4 protein chains.
Amino acid sequence: MNKTKNLIFKSAIKIFSESGYRGATMDDIAANAGLVKGTLYYHFKSKEEIFNFIVEEGLQILQNQVIEVQNMNIGPIEKLIKICRIQLTFLYGYTDFFKIVMSQLWGTEHRQNELRHKIRKYINEIEINIRTAMEIGEIKKGDVELIAFQFFGSLCSSAIYESIHIEKINLEDIIESTIKFTLNGLGIDINRYI
Amino acid sequence: MNKTKNLIFKSAIKIFSESGYRGATMDDIAANAGLVKGTLYYHFKSKEEIFNFIVEEGLQILQNQVIEVQNMNIGPIEKLIKICRIQLTFLYGYTDFFKIVMSQLWGTEHRQNELRHKIRKYINEIEINIRTAMEIGEIKKGDVELIAFQFFGSLCSSAIYESIHIEKINLEDIIESTIKFTLNGLGIDINRYI
Amino acid sequence: MNKTKNLIFKSAIKIFSESGYRGATMDDIAANAGLVKGTLYYHFKSKEEIFNFIVEEGLQILQNQVIEVQNMNIGPIEKLIKICRIQLTFLYGYTDFFKIVMSQLWGTEHRQNELRHKIRKYINEIEINIRTAMEIGEIKKGDVELIAFQFFGSLCSSAIYESIHIEKINLEDIIESTIKFTLNGLGIDINRYI
Amino acid sequence: MNKTKNLIFKSAIKIFSESGYRGATMDDIAANAGLVKGTLYYHFKSKEEIFNFIVEEGLQILQNQVIEVQNMNIGPIEKLIKICRIQLTFLYGYTDFFKIVMSQLWGTEHRQNELRHKIRKYINEIEINIRTAMEIGEIKKGDVELIAFQFFGSLCSSAIYESIHIEKINLEDIIESTIKFTLNGLGIDINRYI
DNA sequence: AATGAATGAGGTTTCATTCAT
DNA sequence: CATGAATGAAACCTCATTCAT
């Protein structure tokens, strides 16, 4: 990615995350990058293309790390824990990117359908581990897909937390707490309540 | 709420959920309601007002149910379980409304800041119960706020699940699974891994 | 056609004829109609739609008159003479419209292909009469299609004449001269030269 | 004309003929020539200059041939016949060029006024012969100018014919038919109808 | 000579809002 | 109450032109 394209890339992430896809204007993106609108169109065919480029690049980074874990010679639970850590580190490293994803995960516009499709594929990786863990008896049988989404939801929770919570956070604390919550929930003896 | 206003209300929820706030046009909202654009302005001052009205009404319904629970004479865990059920039932009953909230929870526009503020207040209710549960030793000490968000995140997970998953779901199954996940996570003996 | 739409229609004909399809701007059309750009889009979906509307309406008027002639109980030559008169009267009555057609008859853009197709259909009407006249021996056998185009070309000639020639013309003189030219050409004894 | 300039020249003719002056983009012209936009500006000052260059070169070729005829020691009718043949041969040899001229013959933009002016001068050559032919009694008296345009219109007819008619044509057939039409029209005994 | 990048003026289109009826 | 027409600000996008290399 050449210098100007990278400038646009970064600027667009900022603007999209602040204003959403529709709310972001090409003028804003250009101005924020210290460029002129026309220049954006030299490097990208359209606003939509900038968006797709961002999504592609961002998810690639996350996906790559996950695949690395998947190829490790460790058990499914260890993999899930690692993925949890990756997800959260990613979230706090690329907060703006994440907000973009979150805001565009809903709705029926083409770009939104596409994005959901990509996220679905990502969750598949998680699902694989949960299924394996069930098969070898490490976690109780259940709706694999649903549980995979709940696992992924930890990301979502943290994103909302980050979005609403203003004070500085400590990433390690959050990772630890989230992993614990994912593994044990509130840590309640379920039989006492259900 | 008179008949036409209600028509607009329902139409706007549908359109906002499909296209987001910015993507939704007054024309779309009107057409979907079988009305004409001008008519909307008889019942609402602006697009923003329609949005606010929807958010207010929607969250009111949720909030009311939660307050009812809060006033019950039961323990904090029981309350949390009930709230979990309420949240999910609400989510599946008002899916479109929920998508609107989810899509507008990010970004720095006024309407988005406002919405986050309201959600923050809602999460406070959850926080109260978690704090109490900690105080009476029902759950282990931890970052109350973060855990409250993780609890709320179950909602988020389910919303994404609903959004991505196409097949018909069984609400009771989801509620049961989610409550279990919330109480026990993946049900892993944490000491073996951390 | 309501008042404003008619205003736009007339304005667009003027602007298109002056600047061609691409050279004409929506701002020009609006300003010339005493309106604001946005108003154009209330009545027409796009610039292309305005263009199509103009072509449709214009050719309709011409076509209607020709069909009337075709239905008369007269010989093919008489019909051709009448059509020649109609064409020229139309040309001088709707000069601007004609210039639009002429300027858009070339090129490979969609709108141009469409227009050629429509003109082709119009020329068919002429062709019918030429074929009949040949069959009954009123004119010599020859390439019917080509001759039909040459007949239609009289229109073209006059349009160029009108376009280049600035002085006031007398319509009846032109009609008479053109009919003569069409029937007899330069009036040369062909055998002396070919 | 050096190689690259010639490349641009040919490419521009093709693109202008396909899209008209306004519709043609410098990018299209460059790409079609296997060059890059910037290169065009090394050889031509502007788009308009490319256009003028094309018109100049094209008309020069036609004009030269006509002047050659004018200098011959033959009668005016013979000259007209030769010019007719030249015109048609030129039209079918430089179809794209001709389409450019035809599409730019209308409208009030500078380039269009200029072009009309040049065509007017060309028609003057025809006019001279018609006037002479009238003076020596070879053709009947009439509006010299108008008849000259009608003569020139045969070109126009053929251009439209070429543009609309898809099948392969035989140039000699067209030339013969057009000359006949020019000399004798439909070959009708005018007194029977007027 | 040729190129690729950048520019900015200006084009088409969208759309929330206003208003007379 | 409801409507249809009109508006204008602002959005996305195009493209001729310039310029450093």
Side-chain angles (χ1 to χ4, degrees), chain A residues 2-5 7-8 19 21-30 33-50, chain B residues 2-5 7-8 21-30 33-51, chain C residues 2-5 7-8 19 21-30 33-50, chain D residues 2-5 7-8 21-30 33-51:
Chain A
N2 74 53
K3 210 181 118 205
T4 307
K5 194 165 181 181
L7 222 56
I8 296 170
S19 315
Y21 179 78
R22 300 296 271 252
T25 76
M26 293 301 265
D27 262 319
D28 290 345
I29 295 173
L35 298 168
V36 157
K37 209 176 4 180
T39 308
L40 303 192
Y41 286 92
Y42 183 77
H43 294 275
F44 295 93
K45 233 172 52 204
S46 65
K47 186 178 174 179
E48 183 128 18
E49 213 190 78
I50 298 182
Chain B
N2 76 51
K3 208 180 123 203
T4 306
K5 191 166 182 180
L7 222 56
I8 296 170
Y21 179 77
R22 299 295 271 254
T25 74
M26 295 299 265
D27 260 319
D28 290 343
I29 295 172
L35 298 168
V36 151
K37 196 163 36 167
T39 309
L40 303 190
Y41 286 87
Y42 185 82
H43 296 274
F44 294 94
K45 225 174 60 204
S46 68
K47 186 178 174 181
E48 183 126 18
E49 213 191 78
I50 298 182
F51 179 80
Chain C
N2 74 53
K3 210 182 118 205
T4 306
K5 194 165 181 179
L7 223 55
I8 297 170
S19 315
Y21 179 77
R22 300 294 270 254
T25 75
M26 294 300 265
D27 260 320
D28 291 345
I29 295 172
L35 298 169
V36 156
K37 208 172 11 176
T39 307
L40 304 192
Y41 286 90
Y42 183 78
H43 294 276
F44 294 93
K45 231 172 52 202
S46 66
K47 187 178 175 180
E48 183 127 19
E49 213 190 77
I50 298 182
Chain D
N2 74 53
K3 209 181 121 202
T4 306
K5 191 166 183 179
L7 222 56
I8 296 171
Y21 179 78
R22 300 296 272 251
T25 74
M26 294 299 264
D27 260 318
D28 291 344
I29 295 171
L35 298 168
V36 152
K37 194 164 36 168
T39 309
L40 303 191
Y41 287 87
Y42 185 82
H43 297 274
F44 294 94
K45 227 174 59 203
S46 67
K47 186 178 174 182
E48 184 126 20
E49 214 191 76
I50 299 182
F51 179 80

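Predicted, not measured: the structure shown is a model, and the values here were computed from it. Numbered from 1 within each chain, the chains take letters A, B, ... in sequence-line order. Note that these values count all heavy atoms, side chains included, but never hydrogens, waters or copies made by symmetry.
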Integer-rounded Å distance: [N] [atom2] and [X] [atom1]:
X	N	atom1	atom2	result
B:Ile29	E:dT17	CD1	C1'	13 Å
A:Lys45	F:dC15	NZ	P	14 Å
D:Arg22	F:dC15	CZ	C1'	12 Å
A:Lys5	E:dA6	NZ	P	12 Å
A:Asp28	F:dA11	CG	P	7 Å
B:Asp27	E:dA16	CG	C1'	10 Å
D:Leu7	E:dT3	CG	C1'	16 Å

For the [atom1] atom of [X] and the [atom2] atom of [Y], what is their distance to the nearest 0.5 Å?
X	Y	atom1	atom2	value
B:Ile50	B:Ile29	CD1	CD1	5.0 Å
D:Lys47	D:Arg22	NZ	CZ	7.5 Å
A:Glu48	A:Tyr21	CD	OH	4.5 Å
C:Leu40	C:Ser46	CG	OG	11.0 Å

Practice task
State whether B:Thr4 places a side-chain N or O below 4.0 Å from either non-bridging phosphate oxygen (OP1 or OP2) of F:dA2.
Solution key: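 Result: yes.
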Exercise for the section: Please check the phosphate of F:dT14 (OP1 and OP2 only) for any side-chain N or O of D:Thr25 closer than 4.0 Å. Expected result: no
Problem - Whether B:Lys37 side chain and B:Thr25 backbone form a donor-acceptor pair below 3.5 Å - result: no
Handout entry: Opposite nucleotide pairing with E:dA6, Watson-Crick or G-U, both atom distances under 3.5 Å
Key =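 WC or wobble partner is F:dT17.
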Fill in the blank from the handout: Closest of E:dA16, F:dT17, F:dC12 to the D:Met26 side chain is F:dT17
Exercise for the section: Considering non-hydrogen atoms only, spot the tightest contact between D:Val36 and D:Ala30 and give its length. Expected result: C-CB, 3.6 Å
Exercise for the section: Sort out for me which residue in D:Asn2, D:Leu7, D:Ile8 forms a side chain to side chain contact (heavy atoms under 4.5 Å, CB included) with D:Lys5. Expected result: D:Asn2
Fill in the blank from the handout: Result for 5'-nearest mapping on DNA chain F, choosing between D:Gly23 and B:Asn2, is B:Asn2
Problem - Contact nearer the 5' end of DNA chain F, comparing D:Tyr21 with A:Glu48 - result: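 Comparing both residues, the 5'-ward one is A:Glu48.
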Exercise for the section: May I ask you to list the residues of residues 34-44 of chain A, by number, that have any heavy atom positioned under 4.0 Å from an atom of DNA chain E? Expected result: A:Leu35, A:Val36, A:Lys37, A:Gly38, A:Thr39, A:Tyr42, A:His43
Exercise for the section: Using a heavy-atom cut-off of under 4.0 Å over every strand shown, decide if C:Ala24 touches base, sugar-phosphate, or nothing. Expected result: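 The answer is sugar-phosphate, as C:Ala24 gets under 4.0 Å only of primed atoms, P, OP1 or OP2.
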